[in-house]
Amino acid sequence: MKTKYKDLTIWITGASSGIGEALAVEFAKRGAKIILSGRNSEKLVAVQDHCKNSERHIILAFDISDAEQTKNAYNSIKSRAVKIDWLINNAGISQRSLIMETAEEVERKIMEIDYFAQTRLTRLVLPEMLAQGGGKVVMISSVAGLVGTQYRGAYSAAKAAIHLWANSLRAELYDKGIEVATIFPGFIQTNVSINALTGDGSVQGTMDDATDKGLSAKVFAKQACKALAKNQEYIIIAGQKEKLAMVVNRLSPPQLYKLIRESKVR
């Protein structure tokens, strides 16, 4: 059955830039109403202006790592009597540091944002989805969550955790009208590496070469929309190098590590 986007309200976290922004613009183009969330309200306004029928869309700025702000944000949506059809858990932060050089509090921060914040918001939204008889929950994981590579220990762990949590959620709700999809992006041209945390918690501040040469966020969003419209639940959107890495990782992990070192991927 063809997805009728004009009948959908889609809540996207991390919508102020990158993948989240591209998804918002693409879904809006297809007729959906978007709830745009992130910490920076000015950036969200700019994204709203880029979306077709901008006046339809809702801006909801809050810090997703803050449990109280998250609860208040959800209650704000409920108070407006807005029906949430799809929730896209896209907010997150990456990492660029070796495990032995990463402080525990940095690992906890990454896990809090990339895992606990996502599951917290999902648990808030799910009762309403169940009551209305259906909905879709989308988790943005990563190819790093399937492979695990140098400089991304905590990030890979968090993305693997959200992947398996989504698998369990799907198994528990498969007969309740709730669809659960997980998307695994490879290198996408966003500011993810610029904003990535280093071992002491400081921001890296530079663009990775691999990220700079990745798929554009617009291409990613188009592929993601098509896959979700087809009700796909396990969606890998990546370049050939990342897909090859997944194959090599299954056959010979040491060979993958060698290739990564030689290519100086960070």
Side-chain angles (χ1 to χ4, degrees), residues 3 5-93 109 112-132 134-141 162 165-166 169 178-181 183 185 190-192 195 217 220-221 224-225 228:
T3 299
Y5 283 104
K6 65 179 181 63
D7 298 329
L8 295 179
T9 296
I10 303 175
W11 190 356
I12 303 175
T13 65
S16 60
S17 64
I19 284 175
E21 176 181 5
L23 287 171
V25 171
E26 187 64 29
F27 281 125
K29 186 189 301 181
R30 295 167 184 245
K33 179 178 182 178
I34 314 298
I35 302 171
L36 300 158
S37 284
R39 290 179 298 173
N40 191 313
S41 57
E42 291 183 2
K43 289 183 178 180
L44 292 174
V45 169
V47 174
Q48 181 187 37
D49 289 341
H50 292 154
C51 290
K52 184 177 180 181
N53 298 320
S54 61
E55 70 284 350
R56 293 190 65 210
H57 312 304
I58 298 171
I59 291 176
L60 187 60
F62 70 102
D63 182 350
I64 198 170
S65 66
D66 185 305
E68 191 64 26
Q69 287 191 39
T70 300
K71 185 176 180 181
N72 290 339
Y74 172 67
N75 288 336
S76 174
I77 293 298
K78 285 187 66 176
S79 70
R80 304 185 199 191
V82 176
K83 175 173 169 282
I84 303 167
D85 298 293
W86 291 12
L87 171 64
I88 299 183
N89 289 291
N90 170 68
I93 192 165
K109 181 175 182 178
E112 178 62 43
I113 296 172
D114 290 358
Y115 175 76
F116 287 110
Q118 319 304 316
T119 60
R120 180 187 299 125
L121 180 58
T122 302
R123 279 194 297 270
L124 283 171
V125 172
L126 274 173
E128 181 182 341
M129 282 189 175
L130 288 165
Q132 67 197 25
K136 188 191 292 284
V137 174
V138 181
M139 295 296 186
I140 305 296
S141 181
I162 205 67
W165 190 87
L169 184 68
I178 305 298
E179 298 173 5
V180 180
I183 301 178
T190 69
N191 289 334
V192 64
N195 298 324
F220 168 87
C225 287
L228 292 171

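Heavy-atom basis, side chains included; hydrogens, waters and symmetry copies ignored.
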May I ask you to test the [X]-[Y] pair for a side-chain heavy-atom distance under 4.5 Å?
X: E128; Y: Y74; result: yes
X: F62; Y: N72; result: no
X: N53; Y: E55; result: yes
X: I34; Y: V47; result: no
X: S37; Y: I64; result: no
X: R30; Y: T3; result: no
X: V82; Y: W11; result: no

Kindly compute the distance separating [atom1] ([X]) from [atom2] ([Y]), expressed to the nearest 0.5 Å.
X: I59; Y: L36; atom1: CD1; atom2: CG; answer: 6.5 Å
X: M129; Y: K83; atom1: CE; atom2: NZ; answer: 9.0 Å
X: I35; Y: I84; atom1: CD1; atom2: CD1; answer: 5.0 Å
X: L124; Y: N75; atom1: CG; atom2: CG; answer: 8.0 Å
X: C225; Y: I10; atom1: SG; atom2: CD1; answer: 7.0 Å
X: D114; Y: M139; atom1: CG; atom2: CE; answer: 11.5 Å

[X] side chain to [Y] main-chain N or O, any donor-acceptor pair under 3.5 Å?
X: T13; Y: A91; value: yes
X: N90; Y: I12; value: no
X: N40; Y: K43; value: yes
X: T119; Y: F116; value: yes
X: H57; Y: D49; value: no
X: R120; Y: K71; value: no

- Task: For atom NZ of K29, decide whether the heavy atoms of other residues, nucleotides or ligands shown that lie under 6.0 angstrom number more than 12.
- Result: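 Yes.
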Minimum-distance pair of heavy atoms, taken over all atoms of [X] and [Y]:
X: V180; Y: A166; answer: CG1-O, 3.5 Å
X: G18; Y: A217; answer: O-CB, 4.1 Å
X: L228; Y: K136; answer: O-NZ, 3.6 Å
X: G134; Y: I178; answer: C-CD1, 3.8 Å
X: R80; Y: L60; answer: NH2-CD1, 4.4 Å

- Can you name the side-chain contact (heavy atoms from CB on, under 4.5 Å) partners of I113, sequence neighbours left out? S65, I93, K109
- Message: So if I apply the side chain to side chain contact (heavy atoms under 4.5 Å, CB included) rule between L87 and each of V138, L121, T9, which one comes out positive?
- Response: L121
- Message: Below 30° counts as parallel, above 60° as perpendicular, anything between as tilted: where do the rings of F27 and Y5 land?
- Response: tilted
- List in chain and number order the residues that pass salt bridge (charged side-chain N to carboxylate O under 4.0 Å, His left out) with K33, two or more places apart in sequence or in another chain; answer none if no residue qualifies. none
- List the steps and the verdict of side-chain hydrogen bond (donor to acceptor under 3.5 Å, both in side chains) for T122 and N89. CA-CA 8 Å; T122 302; N89 289 291; 3.1 Å; yes
